[in-house]
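Down below is the structure, laid out as structure tokens.
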Protein chains: 2
Amino acid sequence: MTNFSVSEENYIKSIYHLQQDTHTVNTNSLAVEMNTKPASVTDMLKKLKQKKILQYEKYKGFRLNENGKKIALTVVRKHRLWEFFLANNLGFEWDKVHAIAEELEHISSQELIQKLDNYLGNPSFDPHGDPIPDKHGNIPHLKQRCLAIAPINKTLIVSSVTNQTAEMLDMLKHYKIKIGSSLKIIRHFTFDGSMEIRLLKNAACVISDPVAKNVFVHYD
Amino acid sequence: MTNFSVSEENYIKSIYHLQQDTHTVNTNSLAVEMNTKPASVTDMLKKLKQKKILQYEKYKGFRLNENGKKIALTVVRKHRLWEFFLANNLGFEWDKVHAIAEELEHISSQELIQKLDNYLGNPSFDPHGDPIPDKHGNIPHLKQRCLAIAPINKTLIVSSVTNQTAEMLDMLKHYKIKIGSSLKIIRHFTFDGSMEIRLLKNAACVISDPVAKNVFVHYD
DNA sequence: AATTATTTTTAGATTTGTCTAAAATATATT
DNA sequence: AATATATTTTAGACAAATCTAAAAATAATT
């Protein structure tokens, strides 16, 4: 497998994230995503095409081929494992880990990542609730949806929180809700959209609709 | 404090290591140390002088000033803390940690290093026995010398091993000698320069002069 | 369909870090 | 001290990654 520069890895990762929803990515959106200029993107696209990572025809958009996706997944895996380490072992807050993991994800040693993975206990989700690909690039795939519309009376596992402002984190801390928390929805109140929930072995409590809208859960 | 590139940090670190013994470093030896060409060294020297990190007069050698030393020490600190983490927590062998730490030492976050230091229990020596500077750049300073010429009948602590070939490591494993081991020299044999030693709560044993020459110890 | 607006690419410049080959300086030797 | 040798620096080139400004292609609008 060819060797990729930090810059190339960053492009590959961004293309991977963008092509999830849409089927083909365009130059401008990648330039925005990467905080760079469209001309720079075009330069890099040519390089990545030459390295047989990218499906790309001039003026017609582009997307990663299977090879490219594989590389993207190794970078994503490294990023999320480091995020887990930073939050879980070093005690960083969720909102601080991303920037540091952006640097750590480019450390090249395969052996390091394998040992780190084992050291951390082969976690499946990072502190933001995003799934961590395994060493083969397989992504753990549970149903995930917004708590506001999740099923009642089923065991739900908090998987991610979209609004990560200090105010929101403060609120969640008060309710003792964190990534990995187990909870059930007991009932909805139609008056204001709030809901009564019960966290595993805690008393029931009521959370507002705006809170529930930003909390995502897994279940099977 | 200015920001330094990976390449600049590597030059600073190498100059730091070279200026320990000699008082002024010369272009060729730095080029050898860094596996590069003398012309490239000169280019970088100009840059580092401009950044007020370096005492440097054309053709007359160079050395880091106080600012430069401070920067070198932060890089050395990061390198050795990561080495400790790799060996102690992830289970890497001594001889594998250096190459990976060469990459990790350039991760920029100060907060990361402070938290890592605490997580590791603020260790004083890395897996090679080299001292880890603290956050102020202070280096723990014990007497260190070659086991072959260390004092008899004093408690010595194995601090580093210079020859780290597989053969040597194998031999040390057999004798159960590792970094941090406590031992005493019981007597020397003049016939072949070998010595009888006793490791804490182990039976005494005899090690050859070539082995002793590559083992370094601390004592007070 | 023709024109306008948007998006994308090209051409050429810039910065960082490196190199080779030649020139300048310092050191060693006779 | 003069010459030879070794070391260091300069000059100019190159690759990677970026940029600006202009040209080319595509999409939208009248």
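FYI, side chains are in, hydrogens and waters are out, and symmetry mates aren't considered; it's all heavy atoms of this structure. The sequence lines fix the lettering, A, B, ..., with proteins before strands; numbering per chain opens at 1. Just so we're clear, the structure is a prediction, and the values are computed from it rather than from any experiment.
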Taking any heavy-atom pair under 4.0 Å as a contact, classify [X]: base, sugar-phosphate, or nothing.
{"X": "Thr27(A)", "result": "sugar-phosphate"}
{"X": "Ser40(A)", "result": "base"}
{"X": "Tyr56(B)", "result": "sugar-phosphate"}
{"X": "Asp43(B)", "result": "base"}
{"X": "Ser7(A)", "result": "sugar-phosphate"}
{"X": "Tyr11(B)", "result": "sugar-phosphate"}

Rounded to whole Å, please give me the gap between [atom1] in [X] and [atom2] in [N].
{"X": "Tyr59(A)", "N": "dT9(C)", "atom1": "OH", "atom2": "C1'", "answer": "4 Å"}
{"X": "Met44(A)", "N": "dT10(C)", "atom1": "CE", "atom2": "P", "answer": "16 Å"}
{"X": "Leu45(A)", "N": "dT10(C)", "atom1": "CG", "atom2": "P", "answer": "11 Å"}
{"X": "Phe62(B)", "N": "dT9(D)", "atom1": "CZ", "atom2": "C1'", "answer": "13 Å"}
{"X": "Asn35(A)", "N": "dT18(D)", "atom1": "CG", "atom2": "C1'", "answer": "13 Å"}
{"X": "Lys60(B)", "N": "dT9(D)", "atom1": "NZ", "atom2": "P", "answer": "12 Å"}
{"X": "Asn3(B)", "N": "dT16(C)", "atom1": "CG", "atom2": "P", "answer": "13 Å"}
{"X": "Asn28(A)", "N": "dT26(D)", "atom1": "CG", "atom2": "P", "answer": "16 Å"}

Which pairs of donor and acceptor atoms, one on a side chain in residues 33-41 of chain B, lie under 3.5 Å apart (sequence neighbours left out)?
none

Check the phosphate of [N] against [X], side-chain N and O only, distance under 4.0 Å to OP1 or OP2. Yes or no?
{"X": "Thr36(A)", "N": "dC19(D)", "answer": "yes"}
{"X": "Asn26(A)", "N": "dT7(C)", "answer": "no"}
{"X": "Lys46(B)", "N": "dT10(D)", "answer": "yes"}
{"X": "Lys37(A)", "N": "dT20(D)", "answer": "yes"}

**OP:** Counting heavy atoms from C-beta on, name the nucleotide in dT9(D), dA24(D), dT10(C) closest to the side chain of Thr42(A).
**Re:** dT10(C)
Subject >> Under 3.5 Å side-chain donor-acceptor pair for His106(B) and Asn10(B) >> reply: yes
**OP:** May I ask you to say whether Glu111(B) pairs ionically with Lys96(A), meaning some side-chain N is under 4.0 Å from a carboxylate O?
**Re:** no
Original post:
Between Glu66(A) and Lys69(A), is there a salt bridge with N-O shorter than 4.0 Å?
Top reply: yes
Subject >> Lys213(A): partners by side-chain contact (heavy atoms from CB on, under 4.5 Å), with sequence neighbours left out >> reply: Ala148(A), Asp209(A)
Subject >> Residue met sooner reading DNA chain D from 5', once Pro38(B) and Lys58(A) are mapped to nucleotides >> reply: Pro38(B)
